[in-house]
There are 2 protein chains.
Amino acid sequence: MSVDATPPPAAVCCAPLVRRPLSTEEATDLSRLLKAIADPARLRLLSLVAAHTGGEACACDLTEPLGLSQPTVSHHLKVLVDAGLLTRDKRGVWAYYALVPGALDALAGVLSTADAGSLPPSAC
Amino acid sequence: MSVDATPPPAAVCCAPLVRRPLSTEEATDLSRLLKAIADPARLRLLSLVAAHTGGEACACDLTEPLGLSQPTVSHHLKVLVDAGLLTRDKRGVWAYYALVPGALDALAGVLSTADAGSLPPSAC
DNA sequence: CCGGCGCATCGACGCCCGTCAATCTCGTCG
DNA sequence: CGACGAGATTGACGGGCGTCGATGCGCCGG
């Protein structure tokens with residue numbers, strides 16, 4: 001498949017992008033996360049899930065708004081889940097997706113020039 | 001070339017990724033920015049420039065630490081400049097690169113779940 | 001005035017990724 | 001128990017991107 005099926009979810013923590021030079025490994029890990037969201041379809045999926053009632057959305061509600069085929073949507077959702085940004089909860093016939101709390105904020109904190117204040121220090 | 005040479009620098013402003021569904025255009029614009037930094041070499045370039053003395057770095061100082069050829073480094077730098085994340089200042093024979101203030105923070109603000117508080121409201 | 005050097009551009013190659021049609025798996029309902 | 005439907009997987013195709021060697025362009029020193 002096109003995505004790595006066995007990566008540690010989000011090894012990037014308090015990576016000081018702007019404070020000191022990133023190592024090759026740090027840069028690779030961070031780029032893996034960024035590549036996961038550097039796609040219009042996946043960005044829209046994230047915002048659709050986040051804005052949905054209850055913070056979770058059924059896959060069947062995500063196919064039409066994107067204008068993409070069902071296999072393609074399923075593929076993008078898998079990428080986001082593998083990246084540790086979404087959780088998948090299969091209830092009966094339907095699959096419900098929800099944001100992983102703090103995942104996007106951790107990413108934002110790494111990019112931020114100022115020291116991350118939006119996350120509890122326990123995140124490190 | 002591989003990058004768009006005439007894009008508006010950063011049309012993404014206060015895009016409510018987590019608040020309401022992104023439009024196709026918003027998602028495309030945001031993904032353009034994210035693609036620019038979703039590469040290990042470019043992430044390392046950003047951190048090298050940011051961590052360098054005076055907040056700016058000469059291109060000659062960036063080639064060796066990356067372990068890439070000079071044309072490749074020049075290409076990555078161009079991508080970052082075109083994305084509005086770096087500025088290029090050619091002084092004599094040398095080219096100096098520096099972070100665009102607030103560019104990374106704006107990106108972080110878009111990703112953040114909480115309302116962006118790290119930027120002045122004038123950014124909108 | 002000319003040779004050298006820093007950096008950008010060009011052309012080419014190879015791989016990765018987004019997309020779809022077809023198929024498979026497995027709960028659910030009649 | 002058999003048929004239907006939701007969603008995941010597979011295989012294939014096409015385009016985009018990262019990388020390099022070769023070359024072009026300007027600025028400096030001799």
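Numbers restart at 1 for each chain; the letters A, B, ... are given by sequence-line order, proteins then strands.
- Minimum interatomic distance between B:Arg20 and A:Ala51 (heavy atoms only, all atoms of both residues): CA-CB, 3.8 Å.
- In this structure, A:Tyr97 and A:Leu77 approach most closely via the heavy-atom pair CE1-CD1, 3.5 Å.
- Taking both residues in full, the closest heavy atoms of A:Leu80 and A:Ala36 are given as CD2-O, 3.7 Å, listed atom of the first, atom of the second, then distance.
- Closest contact between the side chain of B:Asp39 and the listed nucleotides C:dG6, D:dG18, D:dT9 involves D:dG18.
- Within the 4.0 Å cut-off from OP1 or OP2 of C:dC7, not a single side-chain nitrogen or oxygen of B:Arg88 is found.
- Spacing between atom NZ of B:Lys35 and atom P of D:dC17 amounts to 7 Å, rounded to whole angstrom units.
- The shortest non-hydrogen separation linking A:Leu17 to A:Leu111 is CD1-CD2, 4.0 Å.
- Atom-to-atom, CG of B:Asp89 to P of C:dA8 comes out at 12 Å; the value is rounded to the nearest Å.
- Going from atom OH of A:Tyr96 over to atom C1' of D:dA6 covers 11 Å, rounded to whole Å.
- Considering A:Leu30, A:Asp29, A:Leu34 in turn, A:Asp29 is the only one that fulfils the side-chain contact (heavy atoms from CB on, under 4.5 Å) rule with A:Arg32.
- Rounded to a whole Å, the CG atom of B:Leu77 is 12 Å from the P atom of D:dT19.
- Computed from coordinates, the A:Lys78 NZ to C:dT19 P distance equals 17 Å when rounded to whole Å.
- Taking every heavy atom of both residues into account, A:Ala50 and A:Leu99 meet most closely at CB-CD1, 3.5 Å.
- Considering only side-chain atoms of A:Trp94, the nucleotide from C:dA8, D:dT19, D:dA6 that sits closest is D:dA6.
- DNA chain D lies under 4.0 Å from at least one heavy atom of each of the following residues of residues 57-66 of chain A: A:Cys58, A:Ala59, A:Cys60.
- Here C:dG18 presents its C1' atom at 17 Å from CD1 of A:Ile37, a figure rounded to the nearest Å.
- D:dG18 atom C1' lies 13 Å from atom CG of B:Leu80, rounded to whole Å.
- Of the possible donor and acceptor atoms, one in the side chain of A:Thr28 sits under 3.5 Å from a partner among the backbone N and O of A:Thr24.
- Residue contacts for A:Tyr97: at a heavy-atom cut-off of 4.0 Å it reaches the sugar-phosphate backbone alone, with no base atom in range.
- A donor-acceptor pair under 3.5 Å is formed between the side chain of A:Ser47 and the backbone N or O of A:Arg44.
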remark   = Per-nt protein contacts along nucleotides 20-30 of chain C (heavy atom under 4.0 Å; B base, S backbone sugar-phosphate only, - none) come out as BBB----SS--

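- Judged by distance alone, with hydrogens and angles left aside, the side-chain atoms of B:Arg42 form no donor-acceptor pair with the main-chain N or O of B:Ile37 at under 3.5 Å.
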